[in-house]
**Q** 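One structure coming up, written as structure tokens, with questions to follow.
The first residue of the sequence shown is numbered 1, and numbering continues consecutively from there.
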Amino acid sequence: MPARLAQITGADVILLAVVETVAGNALAQGADAGALVHQQADFRAILDEGHQRLSAMGLAPELRMDFGDPVAKIKGAAAETGADLVVVGHHRQGVWTRWLNRSVAAELSDALGCSLLLAQKRVEDSELFHDG
């Protein structure tokens with residue numbers, strides 16, 4: 001679990017959410033300005049939840065939201081901060097969705113100048129904050 005790794009190593013943590021605004025992808029998904037605003041609100045809620053959970057673990061995450069190509073934005077943030085490790089959250093997708101969409105994780109593995117960790121398991125608070 002990446003948050004525990006940050007605790008152990010004393011690493012700085014940046015939570016970055018990238019709202020993808022690539023024209024081709026937006027058109028393919030039928031996105032409009034309203035959908036973009038809704039997606040931004042969803043990402044803000046995810047960032048806020050992450051901040052709350054990480055703060056409860058004694059970490060002080062920096063929150064960032066950006067717009068554009070996720071690979072370019074994540075690569076830029078990693079370079080800007082001198083990151084040693086980038087952790088990317090992932091959720092399982094069906095075969096058709098996976099086939100139709102690009103793999104940000106695969107592109108990042110080629111683009112980043114540091115290590116990449118793909119995390120897909122959600123850890124419940126009871127597993128993070130137990131006594132003993």
**Q** Once rounded to the nearest 0.5 Å, what's the spacing between atom CD of Gln39 and atom CZ of Arg44?
**A**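 It is 13.5 Å, given to the nearest 0.5 Å.
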**Q** May I ask you to test the Ile14-Asp12 pair for a side-chain heavy-atom distance under 4.5 Å?
**A**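 The answer is no; the side chains never approach within 4.5 Å.
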**Q** Pick out which of Val87, Leu54, Val86 makes a side chain to side chain contact (heavy atoms under 4.5 Å, CB included) with Pro2.
**A** Val87
**Q** Say you draw a straight line from CG of Asp110 to NZ of Lys75; how long is it, rounded to the nearest 0.5 Å?
**A** 10.5 Å
**Q** Would you check if Arg4 and Ile8 make a side-chain contact, meaning some heavy-atom pair closer than 4.5 Å?
**A** yes
**Q** On a heavy-atom basis, which atom in Ala111 and which in Val71 lie closest, and how many Å separate them?
**A** CB-CG1, 4.1 Å
**Q** Between Ser109 and Ala106 (side chain of the first, backbone of the second, donor and acceptor by atom type, cut-off under 3.5 Å), is there such a pair?
**A** yes
**Q** Tell me the closest heavy-atom pair linking Val18 and Phe43, and the distance in Å.
**A**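 Closest heavy-atom pair between Val18 and Phe43: O-CE2, 3.1 Å.
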**Q** Quick one: closest heavy-atom pair of Ser55 and Pro61, and the distance?
**A**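 Heavy-atom minimum between the residues: OG-CD, 4.0 Å.
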**Q** What I'd like to find out is whether the side chain of Arg53 reaches to under 4.5 Å of the side chain of Glu49, using heavy atoms alone.
**A** yes
**Q** Provide the closest heavy-atom pair for Ala3 versus Leu59 in the form atom of the first, atom of the second, distance.
**A**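 Heavy atoms of Ala3 and Leu59 come nearest at O-CD1, 3.8 Å.
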**Q** Honestly curious: do Leu16 and Leu118 fall in one hydrophobic cluster under the side-chain, below-4.5 Å linking rule?
**A**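 Same cluster.
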**Q** If you look at every heavy atom in Leu47 and Met65, which pair is closest and at what distance?
**A** CD1-CE, 4.0 Å
**Q** Please report the closest heavy-atom contact between Leu116 and Ala105, naming both atoms and the distance.
**A**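 Reported closest heavy-atom pair: CD2-O, 3.5 Å.
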**Q** Within this structure, what is the CD-CG distance for the pair Glu107 and Leu112, rounded to the nearest 0.5 Å?
**A**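 Result: 11.0 Å between the selected atoms.
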**Q** Drop me the distance from Lys73's NZ to Glu20's CD, to the nearest 0.5 angstrom.
**A**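 Rounded to the nearest 0.5 Å, the NZ-CD separation comes out at 12.0 Å.
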**Q** Are any non-hydrogen side-chain atoms of Leu5 and Leu85 less than 4.5 angstrom apart?
**A**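 Result yes, sub-4.5 Å side-chain heavy-atom pair found.
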**Q** Does Asp48, at its CG atom, have more than 12 non-hydrogen atoms belonging to other residues, nucleotides or ligands within less than 6.0 Å?
**A**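 Enclosed: over 12 neighbouring heavy atoms sit under 6.0 Å from CG of Asp48.
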